[in-house]
Peer 1: 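Quick one: the structure is below, and I'll ask about it shortly.
Worth saying up front: this structure is predicted, and the values here are computed from it rather than measured. So you know, we letter chains A, B, ... as the sequences are listed, proteins then strands, and number each from 1.
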2 protein chains.
Amino acid sequence: MRFQLGDYVPYLVNRAGVSISNTFSRELDRFGITLPMWRVMSALLDEGEQRLGDLSRITAIELSTLSRITASMDRAGLVSRRRSGEDARAVLITLSKEGRRMAEAIVPKALQWESAAIAGMSEDEVKTLKGLLQRIYGNVEGREAVLR
Amino acid sequence: MRFQLGDYVPYLVNRAGVSISNTFSRELDRFGITLPMWRVMSALLDEGEQRLGDLSRITAIELSTLSRITASMDRAGLVSRRRSGEDARAVLITLSKEGRRMAEAIVPKALQWESAAIAGMSEDEVKTLKGLLQRIYGNVEGREAVLR
DNA sequence: TATTGTTATACTCTATAACTATA
DNA sequence: TATAGTTATAGAGTATAACAATA
């Protein structure tokens, strides 16, 4: 049976994703943060204070990994963590002033990298791309949910 | 400045890629191999014997990582490695009989996972998706090449 | 000198599971 | 009992660089 890696969707998606991530990670090195940290910061910038569990869903970072990441960001002064008043089990994460300042400095760079990645595509193509990627994620996670 | 993670292409690509990779990795666990190993095997299945450097390009795996991975696959009896006669610096990697048998057993599973990931998409959409993902990879790696 | 590949180190993320505290 | 997080451990990939062998 013939199998061509260059025509195989999971490979193409993963290769594109890894490629973007790796190159942007190098940009983030200058700020002393990792890509998952940037995800956390941008999610908080957009959505405001979040519970750890919700942040895990938004950023697609494993809860246990996220727990360590936010602890490290807390030590670095980028976020603050406090117990929720409504549910004492929950931890609320917020951007600190410094974290917000850094996040706002990174946003333009992030948009530049996005532009570079989608260079030459029409608005329609980009829109289609986003839709299809969301469907892939939904399909895969949905199947996962069934298997669990 | 507003920044929405859920509308940001690098995030969407990476999320979809990681999601597919993680779920398929669990399928591969049954065969006792990792996703990068499967990449190597499928590339060799499709393209035949390869130099390590070429295999690195095809699979998008770092050379130093690939060196260790193929060494481990060699120990597991999945591939064989030998020096090239034409260029004694180069190492040629081939699937062993057992490696080929395993790869051929995995191909149908891989195609099933691909089908699940792209469920509900038309042929045209899938074709568009592949083209756009290839362009992203080209754009990013091209920019990388310039920066280096 | 440049290229092909190997090896070592330090770091990050993942997967898993045991654990605490609260609901 | 179930949920929200924390912590520890083992394993895999990445980045980097030093290195050997060959071109």
Peer 1: Decide, yes or no, whether a salt bridge links A/D54 with A/R57 under the criterion of side-chain N to carboxylate O below 4.0 Å.
Peer 2: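 Between A/R57 and A/D54 there is a salt bridge, with a charged N closer than 4.0 Å to a carboxylate O.
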Peer 1: May I ask whether B/V13 and A/V18 are part of the same hydrophobic cluster, defined by side-chain heavy atoms of I, L, V, M, F, W, Y residues being less than 4.5 angstrom apart, directly or through others?
Peer 2: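 No, B/V13 does not connect to A/V18 through the hydrophobic network.
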Peer 1: Quickly work out the A/L28 CG to C/dT12 C1' distance and round it to whole Å.
Peer 2: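 In whole Å, C/dT12 C1' lies 14 Å from A/L28 CG.
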Peer 1: Under 4.0 Å: is that the gap between some side-chain N or O of B/N22 and OP1 or OP2 of C/dA15?
Peer 2: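 So the side-chain polar atoms of B/N22 do come within 4.0 Å of the phosphate oxygens OP1 or OP2 of C/dA15, strictly under.
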Peer 1: Please write out each protein N/O paired with an N/O of nucleotides 16-20 of chain D under 3.5 Å, distance rounded to 0.1 Å.
Peer 2:
unit_1	atom_1	unit_2	atom_2	d
D/dT16	O4	B/S64	OG	3.2

Peer 1: For a quick test of reading the model, state the closest non-hydrogen atom pair linking B/G99 to B/S96 and the distance between them.
Peer 2: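 Answer, listing the atom of B/G99 first, then B/S96: N-OG, 2.9 Å.
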Peer 1: With heavy atoms under 4.0 Å as the rule, sort A/T34 into base, sugar-phosphate or nothing.
Peer 2: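 Sugar-phosphate, no base atom in range.
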Peer 1: Using atom CG of B/L35 as one end and atom P of D/dG13 as the other, report the distance to the nearest whole Å.
Peer 2: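 Whole-Å distance recorded here is 9 Å.
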Peer 1: Grab the CZ-C1' distance between A/R51 and C/dT22 for me, whole Å please.
Peer 2: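 Taking CZ of A/R51 and C1' of C/dT22, I get 11 Å after rounding.
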Peer 1: Less than 4.0 angstrom from a charged side-chain N to a carboxylate O is my criterion; do A/R82 and A/E49 meet it?
Peer 2: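 Salt bridge flag = yes for A/E49 with A/R82.
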Peer 1: Just how far is it from atom CG of A/L132 to atom NZ of B/K130, taken to the nearest 0.5 Å?
Peer 2: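 Here the rounded value is 12.5 Å.
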Peer 1: Do the ring centers of B/W113 and A/Y8 come within less than 6.0 Å of each other?
Peer 2: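 Ring centres of A/Y8 and B/W113 not closer than 6.0 Å.
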Peer 1: Mind checking if A/L52 touches a base, just sugar-phosphate, or nothing, with heavy atoms under 4.0 Å?
Peer 2: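 Contact class for A/L52: sugar-phosphate only.
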Peer 1: Looking at DNA chain C, which of residues 67-92 of chain B put a heavy atom within less than 4.0 Å of it?
Peer 2: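 Residues of residues 67-92 of chain B that come under 4.0 Å of DNA chain C are, in numerical order, B/S67, B/R81, B/R89, B/A90, B/V91.
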Peer 1: Given atom CD1 of A/I61 and atom P of C/dC13, what is their separation to the nearest angstrom?
Peer 2: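 The distance from CD1 of A/I61 to P of C/dC13 comes to 8 Å, rounded to the nearest Å.
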Peer 1: What's the shortest heavy-atom distance between B/G120 and A/R135, and which atoms?
Peer 2: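 Here B/G120 and A/R135 meet closest at O-NH2, 2.7 Å.
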Peer 1: I'd like to know if A/R100 pairs up with A/E104 as an ion pair, taking the criterion as any Lys NZ or Arg NE/NH1/NH2 lying under 4.0 Å from an Asp or Glu carboxylate oxygen.
Peer 2: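 Counted as a salt bridge, because a side-chain N and a carboxylate O are separated by less than 4.0 Å.
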Peer 1: How many Å lie between CG on A/L66 and P on C/dT14, as a whole number?
Peer 2: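 These atoms are roughly 10 Å apart.
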Peer 1: Between D/dT14, C/dT6, C/dC13, which nucleotide gets closest to the side-chain atoms of A/T65?
Peer 2: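 Taking heavy atoms from C-beta onward, the closest nucleotide is C/dC13.
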Peer 1: What integer distance in Å separates A/L63:CG from C/dT16:P?
Peer 2: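 Spelled out: CG on A/L63 to P on C/dT16 is 15 Å.
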Peer 1: Does any donor atom in the side chain of A/E141 or B/S19 lie under 3.5 Å from an acceptor atom in the other side chain?
Peer 2: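 Yes, B/S19 and A/E141 have a side-chain donor paired with an acceptor closer than 3.5 Å.
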